[in-house]
Amino acid sequence: MQMSKEDDALLPNFRLQKDKTGITKIGDLAPQDMKKVYSLALIELTALFDILDTELKQEKAIKVKVKDAGLFGVSLSVLLEQDQRKVSSTRVPLIFQKLISQIEGGGLETEGLLRIPGSTTRVKSICQELEAKFYESSFNWDIVKQHDAASILKLFIRELPQPLLTVEYLKAFQAVRNLPTRKHQLQALNLLVLLLPDANRDTLKALLEFLQRVADRRFANKMTLKNVAMVMAPNLFSFHGFRLKGSEQSEFAMAARTANVMLLMIKYQGLLWTIPKFIVSQVRQQNIENQRKQTKEKAMKKLLKKMAYDREKHDRQEKNVCEPLMLQVEVPRGVIRVQAPHFSKVSMAVQLTEDLKASDILARFLSQESGISHNVKKEEVCLFEIGGNIVERSLEEDTYMKDLFQLNPNAEWVIKPKPST
């Protein structure tokens, strides 16, 4: 079978530029730093659209009356609140996960998967039964055919009371197609993903990963990346709050306009879940400035207290004021101490070398002859950079520790369980 020239085989392979201080992914940073990332991403996105003379439409949230329970037409936050009573660690609605699992259970080689609709009558009946029985675990999934499950998945996305891409940024996602180059489009999509609420971003990630798996079987299911994007675009980019119900022709026209954006999101999804280095650098700089401000405020309070207590001890006051202003702390030259408080009371002294990576430190910790580390698996733990000019950051294993130490010499280095994803 000859593939269309417009398919993903001919799309450029943009790759993340390797950095010795490590790639930062969404979820690697502490919530305090992610708030800064959100603000910086919005500034960068606005500037990008402005420089490229493209209108950025950020819509105001629309108040809609929503169900406070159930499966369909229920907000992601309500769904996750329900689901976390059953599975506390879940970040993607259970019904969404189950529908994807049901589709994949029938084999992704099925011709026309996602394109061929299920029976309208049967889909409606299944949805009603799911509403009644899903959380009771009494629903019989054997009655759900593969094309029915695919139709229900798309229905679930369309019936969300607020679009998966959010009311605020849906039109901005649509406008990405107007940017002049592929690089600019991917930069904008990366920034937009950073602006999504956690629940929307996690659900979108699960969806895009599934769609890529479907496209990976294109030789069997005849669903190329372009076909998958065309079929799924209306479900993500339509929102009843923005337009009147249109004809089939208008629906098709909208799908064609947004399919390219959908295609980029699937093809380059690996780029979308990272935080650009320049934004992480700005977060570090903001933290340094905040620390300096806090230190000066503490110093001033201490000065005033000393002056009130004893105005004759000026020299001593000067010393006490200066001390807090020192941000640098002395550390043994070329050595860092690595702690693992969850696993051991003893810290490790590690000599920094040019080629020492985070993975080397983890390997050394796991190879210790004594302690609880014998019961810990490598995939369960991660080295964290904590403090200094970052609140907390989970390090990828290829991070070069000497380079990162030079970037953040006041950090503490802690081995902890990996954050849930």
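Residues: numbered from 1 along the sequence shown.
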Would you mind checking if E354 and K402 are paired as a salt bridge, meaning a charged N to carboxylate O distance below 4.0 Å? yes
Show the nearest heavy-atom pair for residues R177 and Q174, with the distance to one decimal. NH1-O, 2.6 Å
Rounded to the nearest 0.5 Å, the OG atom of S151 sits from the CD1 atom of I116 at a distance of 10.0 Å
Test ring pair (Phe, Tyr, Trp, His ring centres under 6.0 Å) applied to F139 - qualifying residues, sequence neighbours left out: W141
Can you measure from CG (L196) to CG (L165) and round to the nearest 0.5 angstrom? 6.5 Å
Is it true that E396 and K357 make a salt bridge, defined as a side-chain N closer than 4.0 Å to a carboxylate O? no
Can you sort out the partners of F96 under ring pair (Phe, Tyr, Trp, His ring centres under 6.0 Å), two or more places apart, ordered by chain and number? F156
Modelled atom types, side-chain donor and acceptor of N287 and N389, under 3.5 Å: no
Can you check whether L272 reaches I26 side chain to side chain, under 4.5 Å on heavy atoms? no
Taking atom types as modelled and ignoring hydrogens, do the side chains of T224 and N227 form a donor-acceptor contact shorter than 3.5 angstrom? yes
CD1 of I100 to CG of L207: how many Å apart, nearest 0.5 Å? 6.0 Å
Examine the side chains of S238 and R158 and answer whether a donor and an acceptor come within less than 3.5 Å of each other. no
Within the side chain of N260, is there an N or O that forms a donor-acceptor pair under 3.5 Å with the backbone of V176? no
Salt-bridge criterion met for D19 and K277 (N-O under 4.0 Å): yes
Step-by-step salt bridge (charged side-chain N to carboxylate O under 4.0 Å, His left out) determination, K418 to E379: CA-CA 8 Å; K418 277 188 178 177; E379 59 269 19; over 6 Å; no
Got a second to check how far R91's CZ is from D198's CG, nearest 0.5 Å? 6.0 Å
Value rounded to 0.5 Å, distance of NZ in K25 from CD1 in I275: 11.5 Å
Counting neighbours of NZ on K416 that are heavy atoms of other residues, nucleotides or ligands and sit closer than 6.0 Å, is the number greater than 12? yes
Will you find, in the side chains of Q97 and T90, an N or O donor that is under 3.5 Å from an N or O acceptor? yes
Contact check, side chains of R201 and V193, non-hydrogen atoms, under 4.5 Å: yes
Contact check, side chains of R284 and R393, non-hydrogen atoms, under 4.5 Å: yes
Are the side chains of N221 and R218 in contact, using a 4.5 Å heavy-atom criterion? yes
Let me check something: any side-chain donor-acceptor pairs from residues 37-52 under 3.5 Å, sequence neighbours excluded? List them with distances.
unit_1: Y38; atom_1: OH; unit_2: Y169; atom_2: OH; d: 3.3
unit_1: S39; atom_1: OG; unit_2: K35; atom_2: O; d: 3.4
unit_1: T46; atom_1: OG1; unit_2: L42; atom_2: O; d: 2.8

For the OG1 atom of T24 and the CG atom of L395, what is their distance to the nearest 0.5 Å? 8.5 Å
Counting only heavy atoms from other residues, nucleotides and ligands, does the tally under 6.0 Å from CG of N140 exceed 12? yes
Other residues, nucleotides, ligands: >12 heavy atoms within 6.0 Å of K98 NZ: yes
Verify the distance criterion only: is there a donor paired with an acceptor across the side chains of N290 and Q294 at less than 3.5 Å? no
Does a salt bridge link E289 with K293, judged by any charged N lying under 4.0 Å from a carboxylate O? no
Contact check, side chains of N200 and P197, non-hydrogen atoms, under 4.5 Å: yes
Assess, by modelled atom type and distance only, whether the side chains of Y135 and D83 contain a donor and an acceptor separated by less than 3.5 Å. yes
Under the rule for salt bridge (charged side-chain N to carboxylate O under 4.0 Å, His left out), what residues qualify as partners of E104, not counting sequence neighbours? R213
What donor-acceptor contacts under 3.5 angstrom involve side-chain atoms of residues 123-132, with partners at least two apart or in another chain?
unit_1: E129; atom_1: OE2; unit_2: K133; atom_2: NZ; d: 3.2
unit_1: E131; atom_1: OE1; unit_2: L71; atom_2: N; d: 2.9
unit_1: E131; atom_1: OE2; unit_2: K67; atom_2: NZ; d: 3.3
unit_1: E131; atom_1: OE2; unit_2: F72; atom_2: N; d: 3.1

Search all heavy atoms of T21 against all heavy atoms of T399 and return the closest pair with its distance. O-CG2, 3.4 Å
Check whether the side chains of S75 and S77 place a donor and an acceptor atom closer than 3.5 Å, and report yes or no. yes
Test: D33 and K36 ion pair at under 4.0 Å: yes
May I ask you to check whether Q146 and T110 show a side-chain donor-acceptor distance below 3.5 Å? yes
With sequence neighbours excluded, residues passing side chain to side chain contact (heavy atoms under 4.5 Å, CB included) with T181: K183, H184
Is it true that E81 and R85 make a salt bridge, defined as a side-chain N closer than 4.0 Å to a carboxylate O? yes
